[in-house]
Structures are given as C-alpha cells and as structure tokens.
Protein chains: 2
Amino acid sequence: MVTLAEVAQHAGVSASTVSYVLSGKRSISAGTRQRVERSIQELGYHPNAGARALASSRSNIIALMVPLRRDMYVPVMMEIAIAVATSARAHGYDVLLLTGEEGPDAVRRVTGSGLADAMILMDVELDDERLPLLRQTDRPSVLIGLPTDTTGLTCVDLDFSATGALCVEHLAALGHRDIAVIGEAPAVYERHTGFAERTLDGLRSRSRELGLRVLHRPCEGGYDAMALTLARIFDERPGTTGFVVQNENAVEPLLALLRQQGRAVPEDVSVVAVCPDQVATQASVRLTAVSIPAQEMGRRAVEHLVAKLEGHGDEEIVLLAPRLTVRASSGPAPSGS
Amino acid sequence: MVTLAEVAQHAGVSASTVSYVLSGKRSISAGTRQRVERSIQELGYHPNAGARALASSRSNIIALMVPLRRDMYVPVMMEIAIAVATSARAHGYDVLLLTGEEGPDAVRRVTGSGLADAMILMDVELDDERLPLLRQTDRPSVLIGLPTDTTGLTCVDLDFSATGALCVEHLAALGHRDIAVIGEAPAVYERHTGFAERTLDGLRSRSRELGLRVLHRPCEGGYDAMALTLARIFDERPGTTGFVVQNENAVEPLLALLRQQGRAVPEDVSVVAVCPDQVATQASVRLTAVSIPAQEMGRRAVEHLVAKLEGHGDEEIVLLAPRLTVRASSGPAPSGS
DNA sequence: CGCCACTGTCGAAGCGCTTCGACACGTCTT
DNA sequence: AAGACGTGTCGAAGCGCTTCGACAGTGGCG
C-alpha cells in the first residue's frame with residue numbers, strides 16, 4: 001500500500017501539500033501540482049478510504065435501501081438501483097446496498113457508524129417506521145415514494161395521483177364509460193405502499209368528475225389469478241370496455257385472456273397500463289401506457305441528496321409529471337355500448 | 001457522536017477493554033463485560049466505521065459488481081444481488097454496489113482504497129478484462145459465472161453445460177427428434193458471456209449422442225422478434241416438436257405464437273425453459289424448466305468469500321447441479337412425426 | 001511455601017488522512 | 001522605502017479505533 005507520505009516524499013513536498021492537490025481546497029502552484037500528480041501516477045497511489053473517512057468524517061458513500069420483496073415490480077426497482085449507482089458515481093459517491101429486511105435497524109446502524117453520509121429509501125410505506133429516525137438524524141436522506149406525513153423529508157416520486165387521472169381521461173376521451181382497474185397484489189395495498197393507493201385515488205376522483213364507473217380489483221400476477229379476477233369483473237360489470245392495469249405480472253395474462261375470450265384489443269376493449277416503457281413495448285400488443293420513469297427517479301434522488309450534502313439543500317417534494325404514450329392497445333369505445 | 005473513550009469512561013474501564021468486549025479477541029470477566037455492555041446501551045454507542053477500517057485495515061464491506069445492462073435476465077440479477085446482500089449481512093458484512101460500467105477501474109479503485117475487503121463479480125465474460133487485476137491483487141474475490149481460464153480464481157455458477165444436456169435428455173426421452181433452441185439475444189453471444197455458450201455446448205454434444213437434430217437461434221425478446229425467429233425455424237425444420245428456451249423475454253411470446261398457430265402445448269409441441277422458477281410457474285402454461293438458482297448462487301458466493309476472508313479459503317470452481325422440474329409444457333412427441 | 005502459568009485489564013503506539021494556523025516569500029500600495 | 005496583503009507551502013494535531021506488550025492478581029502445583 002502506497003501512502004500519502006510516500007507520495008509526498010517522492011515528490012519532494014509535504015504530506016499536506018499532496019492532500020491539497022488531491023482535494024483542491026487550497027491553491028497549489030502549477031509546478032508543484034504536476035510533480036505531485038506524476039508521483040501519484042508513478043507510485044500507483046490510491047487514498048485509503050478508511051483514513052479519509054476518519055479524518056474528514058465523510059465516507060463518500062450513499063446508502064440505498066431496496067425492498068427485499070421479490071414479488072413485485074422488480075425491473076423498476078432494479079432500474080432505479082442502477083440509476084442511483086450510476087449517478088452517485090458521477091458525483092463521486094459509492095453506493096451501499098441495504099435490504100429492506102433490516103428495517104429501522106439498518107438506518108440506525110448506518111447513520112450511527114458513519115458508514116454512509118446519506119441515504120435513499122425505496123418502497124416507502126405511508127406510515128413507514130423508518131421515518132422518525134430519518135427526522136431525528138442530521139444525515140440527509142431522500143425517499144423514493146411518498147409517505148403520508150412528509151414534514152422534514154425530501155421525496156421523489158412519480159405523481160401517481162395524476163397518473164391515475166391521466167389514464168381515465170384518456171379512456172373517457174375515447175368514449176369508455178365502464179372502467180376496470182387491475183391493481184397490484186392485495187399484499188401491496190395491505191402494506192400501505194402509497195403509490196398504489198394514490199393511483200387509485202387520482203383515478204377515482206377524476207372518474208367521478210367525468211362520470212365514469214370504476215371497479216377496482218387487486219390481483220396477484222399470473223394467469224390463474226388473472227382469469228379469476230377477469231371473470232368476476234365481467235360478471236359484475238358486463239359492459240366494461242376500459243382497463244387500467246398497474247401490475248406488471250398481470251399485463252400479459254390479461255391480454256392473453258381477452259384474446260382467448262374473443263375480445264379484441266383495442267376494438268372491443270381498451271387497455272391502459274402503468275408500467276416501464278420496456279414492458280409496454282414488449283407486450284403482445286404494444287400498450288398505451290403511462291411509463292414509470294425509473295431512471296429519472298433514481299437520478300433525481302441522487303441529485304437532491306448531493307445538493308444537500310454540499311449544503312445548498314432544500315426540503316422538497318418532487319412529483320414527476322406522468323406522461324401517457326398512446327400505442328396500439330387503446331381505441332374508441334365500441335359504439336354498441 | 002459517542003466514542004469508545006466515552007463508553008470506557010462511563011463504564012469505568014479503559015478504552016482497550018471496551019474494544020475487546022466488542023471484538024471478543026481477549027477474554028473479559030463477566031462483570032466487566034456487562035458493565036460495558038450497559039454503558040454501550042445507555043449511551044447509544046455505534047463504532048465509527050472509518051476509524052475501525054483504518055485501525056484494523058478491514059472495512060467489513062464486500063463489493064458486488066452487477067451488470068449495467070437492463071436488457072436481459074434482470075430478475076435473476078436482482079435476485080442474486082439481494083441474496084448476496086442478505087447473506088453478507090448475516091456474516092457481518094455490508095455490500096457496496098458497483099455497476100459493470102466502470103469496468104476494471106472499479107476493481108482498481110476499490111481494492112486500492114481498501115473500500116472493500118473483497119469482491120463478487122457478476123456477468124463475467126469468457127475473457128473478462130477484470131480478471132488479470134483480480135489475479136494480481138491479494139484481496140479475495142468470487143465470480144458468479146465461469147470464464148475460460150479459471151486459474152487462481154473462485155467461481156460459482158450453475159452447470160449450464162449439464163443444464164443443456166438435461167433439457168435434451170428430457171425431450172429425447174419423450175420421443176422428440178427435432179429440437180429448436182431459442183437462445184438469448186445475439187448481443188449476449190457476441191459478448192461471450194459464458195453461460196449461453198456453455199448451455200449450447202452441453203446441449204449439442206448430448207444431442208449428438210442421442211441422435212437428435214438441433215437448430216439454434218438467438219432471439220431478442222418480444223413478440224415481433226420471436227415471430228420472425230419462429231417462422232424461420234418451422235421453415236427450415238417443419239418437423240420440430242421440441243423447444244428449449246433460454247431467454248425470459250421470449251418465453252411468453254413463444255407460447256402465445258404457438259397457440260396462435262394452432263400448435264398445442266404439450267400435445268403437438270413441447271417446451272423446456274431455462275429460467276427462474278417464478279417465470280416458469282407464472283407463464284400461461286406452467287413450464288417444464290431447469291430453474292436458475294439465483295439465491296443459492298448469491299449465497300454460495302458470499303460463503304466462499306467469507307471463508308477466504310477468514311483464512312480457511314480455497315480456490316474452487318463450484319458448479320451447481322441443474323434440476324429439471326416437469327410441468328405442463330412438455331409431453332410425448334406426437335406419434336405422427 | 002514459593003514458583004509458574006494463566007486470566008483480565010491497562011497504556012500507548014500507531015493506522016493514513018485532513019485541516020488549521022503559521023510562515024516565508026513576492027507584489028502592490030502609498 | 002516600508003508596510004499591507006496574497007499566495008503557496010509546511011508542521012503538527014488530531015479523527016476513533018485496534019492491538020501489542022506489560023503487569024497485577026489469582027490459583028494450582030511440586
């Protein structure tokens with residue numbers, strides 16, 4: 001291991017000078033700087049992370065807490081995680097991966113030990129038990145998601161309420177009157193993960209304004225569950241012509257089942273999805289959908305965090321505006337209805 | 001921030017005693033230990049990670065390098081990553097998330113700075129440019145995947161060669177003679193990611209022994225690509241009755257297209273997949289499949305790494321034996337053929 | 001009864017870096 | 001020409017922990 005002192009000696013300067021060359025916190029003459037940089041190169045010097053963290057009380061690490069659940073929206077989570085890692089690196093930070101499993105203890109551990117300078121939490125529940133800790137600590141944090149009480153917190157999320165509204169507006173404009181919503185698995189609602197409920201709220205209140213009828217059914221993914229759900233929907237509301245799907249694992253089963261039942265998409269039935277673009281374009285029918293901007297969410301979260309770490313921080317709720325892309329799965333309501 | 005010294009004072013012992021209570025590296029009388037532990041509790045002490053790393057030259061962090069690509073086998077990657085994080089915690093380590101993007105530089109950075117004690121690399125290519133660095137450094141590492149030259153390396157992977165063989169054996173036993181293999185996207189082969197080629201090798205050589213004919217076609221995911229691929233397969237080999245699919249994004253399109261063409265699964269055509277269990281059970285036909293034991297791979301990688309870090313390490317190639325689960329997508333070849 | 005080995009505790013020396021104040025110059029002002 | 005200032009560099013003091021050697025005290029043994 002090459003140390004700072006060795007570099008200093010090799011370059012004929014003091015250790016502090018090398019440190020200042022590295023950090024840029026004091027001005028250094030061009031000549032000295034070059035000499036030091038050459039020595040660093042030649043010796044293959046890498047600053048020791050531990051020593052640096054100890055001396056500066058900064059680890060240059062951001063902790064990212066991802067949900068452990070393997071049962072839902074995995075690609076979105078993965079995409080966010082990768083976006084976080086990539087943006088963090090671009091700002092000179094590394095990312096520590098924590099699983100949701102550890103819960104509040106992980107927050108305590110990481111902030112207490114100075115392992116990370118800041119945290120990003122994903123999969124935030126409406127009344128998340130980690131939030132009180134975040135409010136107490138003076139380490140910056142950003143949530144991806146939107147809890148009920150946001151005082152003192154910074155959040156980044158898609159505006160799911162507007163998303164729900166946007167979906168029904170689209171269907172309403174096409175003349176659909178009876179809408180069915182295929183939601184996430186029941187467990188997601190029971191956990192009070194905000195985004196599912198917010199979508200529903202936005203969707204319902206806009207529907208009321210537009211005079212649409214809405215039937216909401218949570219649904220585990222897969223064919224069997226979807227078949228059951230679909231049967232019950234048409235049982236209860238035979239006139240249903242519009243579907244809003246917010247469950248990646250239900251998208252393909254729904255399309256297959258509709259096809260099987262002789263209901264053509266989009267001639268007889270329109271489908272609007274809330275999902276990542278990739279899912280929308282790879283489905284058997286190219287889906288009209290509000291895309292979940294996973295990458296942007298990750299990027300924005302990091303940018304806010306870095307801003308806070310550098311002092312020019314701001315408590316803020318960032319709700320990304322949803323964008324609906326019309327593709328092949330939605331069309332005018334059949335005139336008969 | 002509460003420090004070790006403060007705990008020591010509060011408990012009426014020296015700092016080193018507190019340290020030994022924490023690490024267990026020297027024996028401490030029951031009375032003293034309890035007093036110290038109570039002080040730790042009362043003061044809410046958390047050891048400073050940086051100081052610890054500096055003094056002990058151990059960060060208790062394992063770096064995990066995940067592929068940046070968002071185009072393939074995402075759920076598998078995610079599952080491995082989560083399994084790594086969970087197992088690592090169980091052994092007292094945290095996980096640093098690196099993206100493949102940074103390439104060899106990340107390896108240099110992390111090992112050089114002592115940020116992590118060891119690394120796990122995913123998505124290893126046959127002739128990966130990170131390997132020379134790993135061989136040079138004295139920090140332990142484990143690959144998930146299998147490069148061409150494994151000297152001096154520890155690898156954990158599914159035995160994809162045996163996997164390929166197992167798939168055709170199953171089909172052969174059912175009387176199928178003409179097999180088509182739907183592979184990963186062409187890019188995966190071009191990158192020389194070992195697993196795809198190894199599956200193919202195992203599959204081909206066993207087919208030769210069993211007297212089967214094999215047609216291999218890489219395939220991007222999605223319906224359009226799959227439709228094209230499928231048409232060409234039946235064009236070239238109209239008698240094809242067995243499919244082996246190693247591409248999550250092609251599974252559902254394949255099933256849908258077969259259905260659409262009036263080919264019943266498993267009566268007319270059998271399908272064997274190589275995919276995680278979840279995909280196999282959630283598909284529109286419950287798939288006969290060799291499952292990819294993502295969790296076990298992650299767990300085993302961590303266990304090997306920890307063993308190395310604790311000294312009783314061993315260079316070793318761990319190839320997990322594939323297991324084929326028969327479900328509803330495979331059956332006897334149609335007698336006509 | 002005295003010696004040895006063991007057990008439990010302490011003090012001190014770092015680990016490699018950052019950062020503060022000091023200081024020696026050279027430059028600009030009056 | 002003398003003071004005021006700015007610039008570039010250095011030395012030293014930690015940051016909070018681990019770990020080594022030292023050393024009392026205790027008990028077992030011959």
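Lettering follows sequence order; numbering is per chain, from 1.
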Option passing side-chain contact (heavy atoms from CB on, under 4.5 Å) with A:V188 (candidates A:R191, A:E190, A:H192): A:R191
Rounded off to whole Å, could you give me the CG-to-C1' distance for the B:L115 and C:dG16 pair? 14 Å
Counting only distance, no hydrogens or angles, is the base of D:dG11 paired donor-acceptor with the side chain of A:S16 under 3.5 Å? yes
Has the side chain of B:R26 got a donor or acceptor atom sitting under 3.5 Å from an opposite partner on the base of D:dG21? yes
Considering only heavy atoms and no angle criterion, is a donor-acceptor pair shorter than 3.5 Å present between the side chain of A:R35 and the base of D:dG8? no
OP1 or OP2 of D:dG8 versus the side-chain N and O atoms of A:S27: is any pair under 4.0 Å? yes
For A:V306, which of A:E310, A:K308, A:H304 qualifies under side-chain contact (heavy atoms from CB on, under 4.5 Å)? A:E310
Of C:dG16, D:dG11, D:dT18, the nucleotide closest to the side chain of B:R52 is D:dT18
D:dT18 phosphate, OP1 or OP2, under 4.0 Å from B:S56 side-chain N/O: no
If you compare every side-chain N and O of B:K25 against the phosphate oxygens of D:dT19 (OP1, OP2), does one of them come in below 4.0 Å? yes
Write down the distance between CE (B:M1) and P (D:dG16), rounded to a whole number of angstrom. 10 Å
A:L4 has a side chain; which of D:dG16, C:dC17, C:dC10 sits nearest to it? C:dC17
A:T3 side chain: which of C:dC10, C:dG8, C:dG16 is closest? C:dG16
Compare side-chain N and O positions of A:S23 against OP1 and OP2 of C:dT18 and report whether any pair is under 4.0 Å apart. no
Let me know the distance between CD of B:E6 and P of D:dC15, rounded to the nearest Å. 11 Å
Quick one: B:L43 CG to D:dG16 C1', roughly how many Å, whole number? 15 Å
Which nucleotide, D:dC17, D:dC10, C:dC15, lies nearest any side-chain atom of B:L54? C:dC15
Quick one about A:S16 and A:S19 (side-chain donor to acceptor, distance below 3.5 Å, no hydrogens or angles considered), yes or no? no
Separation of D:dC17 atom P from A:N48 atom CG, nearest Å, is 16 Å
Quick one: bend of the helix from C:dC3-D:dG28 to C:dT30-D:dA1 from 5 pairs per end, to 10°? 40°
Could you check whether the side chain of B:Y20 and the base of D:dC17 have a donor-acceptor pair of N or O atoms closer than 3.5 Å, going by distance alone? no
B:L22 has an atom CG; how far is it from atom P of D:dC17, in whole Å? 9 Å
Which is it for A:R135 and A:D149 under the side-chain contact (heavy atoms from CB on, under 4.5 Å) test, yes or no, and what are the steps along the way? CA-CA 11 Å; A:R135 292 203 182 88; A:D149 177 9; 3.6 Å; yes
Is atom CG of B:D105 surrounded by more than 12 heavy atoms (other residues, nucleotides or ligands) closer than 6.0 Å? yes
What is the nucleic acid contact for A:S19, judged by heavy atoms within less than 4.0 Å: base, sugar-phosphate only, or nothing? base
Want to settle it: does B:T17 or B:A51 sit nearer the 5' end of DNA chain C, counting the closest nucleotide to each? B:T17
Nucleotide C:dG8, atom C1' - distance to CD of B:Q34 in whole Å: 15 Å
Verify whether one side chain among B:T32 and B:S29 offers a donor that lies under 3.5 Å from an acceptor in the other. yes
If you only use heavy atoms from C-beta on, which nucleotide in D:dC17, D:dT9, D:dC10 is closest to the side chain of B:A55? D:dC17
Of A:Y45 and B:G31, the one whose closest nucleotide on DNA chain C sits nearer the 5' end is B:G31
Walk me through it: do B:T154 and B:L143 pass the test side-chain contact (heavy atoms from CB on, under 4.5 Å)? CA-CA 6 Å; B:T154 297; B:L143 313 185; over 6 Å; no
Do A:S59 and A:D117 have a side chain donor and acceptor closer than 3.5 Å? yes
